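Letters A, B, ... are given to chains in the order of the sequence lines, protein chains preceding strands, and every chain is numbered from 1. Just so you know, these numbers come straight off a predicted model, no measurement behind them. Values below: all heavy atoms of this structure, side chains included; hydrogens, waters and symmetry mates excluded.
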2 protein chains.
Amino acid sequence: MHPLRKHIEELINLTDEEFDMVLSHFEPIKKRKHQYLVQEGELVDKEFWVLKGCLKSYFVDDEGKEHILQFGMENWWITDYESFVKQTPSKISIDCIEDSELLYITFENREKLTAQMHKMERFWAKKSKYGRIALQNRILSLLKNSAKERYDVLLEQYPQLFQRVPKKLIAAYLGVSRETLSRLSL
Amino acid sequence: MHPLRKHIEELINLTDEEFDMVLSHFEPIKKRKHQYLVQEGELVDKEFWVLKGCLKSYFVDDEGKEHILQFGMENWWITDYESFVKQTPSKISIDCIEDSELLYITFENREKLTAQMHKMERFWAKKSKYGRIALQNRILSLLKNSAKERYDVLLEQYPQLFQRVPKKLIAAYLGVSRETLSRLSL
DNA sequence: CATTTTTTGTGACCTACATCACATTAAATC
DNA sequence: GATTTAATGTGATGTAGGTCACAAAAAATG
């Protein structure tokens, strides 16, 4: 089964014809490590689904410090949702941490697809709900947990991440300096 | 026009009949200051819309410190989305900061309503998308901004809040102690 | 495989913010 | 309107985590 189909069918069921229809709205794209998918300031009209690889969506502040909003690995969706939904210039950038293969759907195609296939509208609605819950929990974690506790939570939730990305990126995601992260008695 | 209708029509259009249908799925509820709407540990099967008043959704950590996830004022929706969507016990509580009048819709009624009225499904989908964007921006703010900067952003975004809720709650929302908040040269 | 670049660890020192304690003022509440 | 309760400000002091600097190890790259 196509990995995208497998992914979608975790939330809704599709017939062969329906999945073909879905897939026809996507385009494949390959990028190498260090290449970008989205750059700050541009209008993002695509949502990406990761077939293979690893990416980061991040923001660089005026002191040059990088803050990571989200990682993306196999089966994850990644884009700047603010730019994608509101059609405003992106505040964030998305880069490949590894060579990556993605499928993307444009804003326009997503509108078309959801209009003609109510199931997919429900799929993305569910994704959006779950995404919101994850963000809510991250906020709670930033408010209530120490750096060490946040590290432990992340390690428990996404152990694969620690095999694949440098610690300084983990630090930029958790909101600590890499020196402090290195000193947390792990 | 009914304030709920006015609120909904900011995102989608409704006929009189449609709004009557929507409204028939809600129930009113009144609560006084200090009373709760949701308590940690219970299953939340309602989503509340604030007609009048002010509320907080919050979490108390093991050291007894309160962390505020969200405030709710007129025209805001409030619930524990994690419990509401996943139907799991709530990690957070919701209390009234002022005497409040709300309309609520149960999980079941929301399912019914969205099933028979596609427009409302789209309404909530939009709300969910915008909610996610707001949370994303709050995470960025927690990662990149100092206490003072976060205070300034909040003040600019929701000046009304500062007239209505005690500073210690603002502090609990921003993730600083009330003493530090008091010392930020405002 | 040699060289450049990136990652990681660790010491020394610094700072934003927390905690504790107490006083003052303002709001609730009977 | 007297009394309890909550809100706010401010000093003194503590600490988690930041910053700067350097070295070693590991990866990436030509």
Exam field: side chain [X] to backbone [Y], donor-acceptor pair closer than 3.5 Å:
X: B:Ser90; Y: B:Glu40; result: no
X: B:Arg164; Y: B:Gly53; result: yes
X: A:Lys167; Y: A:Arg178; result: no

Quickly work out the [X] [atom1] to [N] [atom2] distance and round it to whole Å.
X: B:Lys56; N: D:dA6; atom1: NZ; atom2: C1'; answer: 12 Å
X: B:Ile170; N: D:dT8; atom1: CD1; atom2: C1'; answer: 14 Å
X: A:Arg32; N: D:dA28; atom1: CZ; atom2: P; answer: 12 Å
X: B:Leu174; N: C:dA18; atom1: CG; atom2: C1'; answer: 15 Å

- Within less than 4.0 Å of OP1 or OP2 of C:dT7, is there a side-chain N or O belonging to A:Lys167? no
Taking only distance into account, with no hydrogens and no angle test, what donor-acceptor pairs under 3.5 Å do side-chain atoms of residues 58-65 of chain A form with protein atoms, sequence neighbours excluded?
from, atom 1, to, atom 2, distance (Å)
A:Tyr58, OH, A:Asp95, OD1, 3.3
A:Tyr58, OH, A:Asp95, OD2, 2.9
A:Asp61, OD1, A:Glu63, N, 2.9
A:Asp61, OD1, A:Gly64, N, 3.2
A:Asp61, OD1, A:Lys65, N, 3.0
A:Asp61, OD2, A:His67, NE2, 2.8

- Could you tell me which residues satisfy side-chain contact (heavy atoms from CB on, under 4.5 Å) with B:Ser57, sequence neighbours excluded, listed by chain and number? B:Leu69, B:Gln70, B:Ile78, B:Ile92, B:Ile94
- Query: When every nucleotide of nucleotides 14-21 of chain D is labelled 5' to 3' by its protein contacts under 4.0 Å (heavy atoms), B for base, S for sugar-phosphate only, - for none, what sequence of letters results?
  - Reply: ---SBBB-
- Item | Footprint string (nucleotides 24-30 of chain C, 5' to 3'): B base within contact, S backbone only, - free, heavy atoms under 4.0 Å | ----S--
- Query: Which of parallel (below 30°), tilted (30 to 60°) and perpendicular (above 60°) describes B:His7 and B:Trp77?
  - Reply: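 Rings of B:His7 and B:Trp77: tilted, 30 to 60°.
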Which atom pairs, one a donor and one an acceptor, fall under 3.5 Å between side chains of residues 44-51 of chain A and the rest of the protein, sequence neighbours left out?
from, atom 1, to, atom 2, distance (Å)
A:Glu47, OE1, A:Arg110, NH1, 2.5
A:Glu47, OE2, A:Tyr81, OH, 3.0

Atom pairs and distances, donor-acceptor, side-chain atoms in residues 19-34 of chain B, under 3.5 Å, two or more places apart:
from, atom 1, to, atom 2, distance (Å)
B:Ser24, OG, B:Met21, O, 2.7
B:His25, ND1, B:Met21, O, 2.8

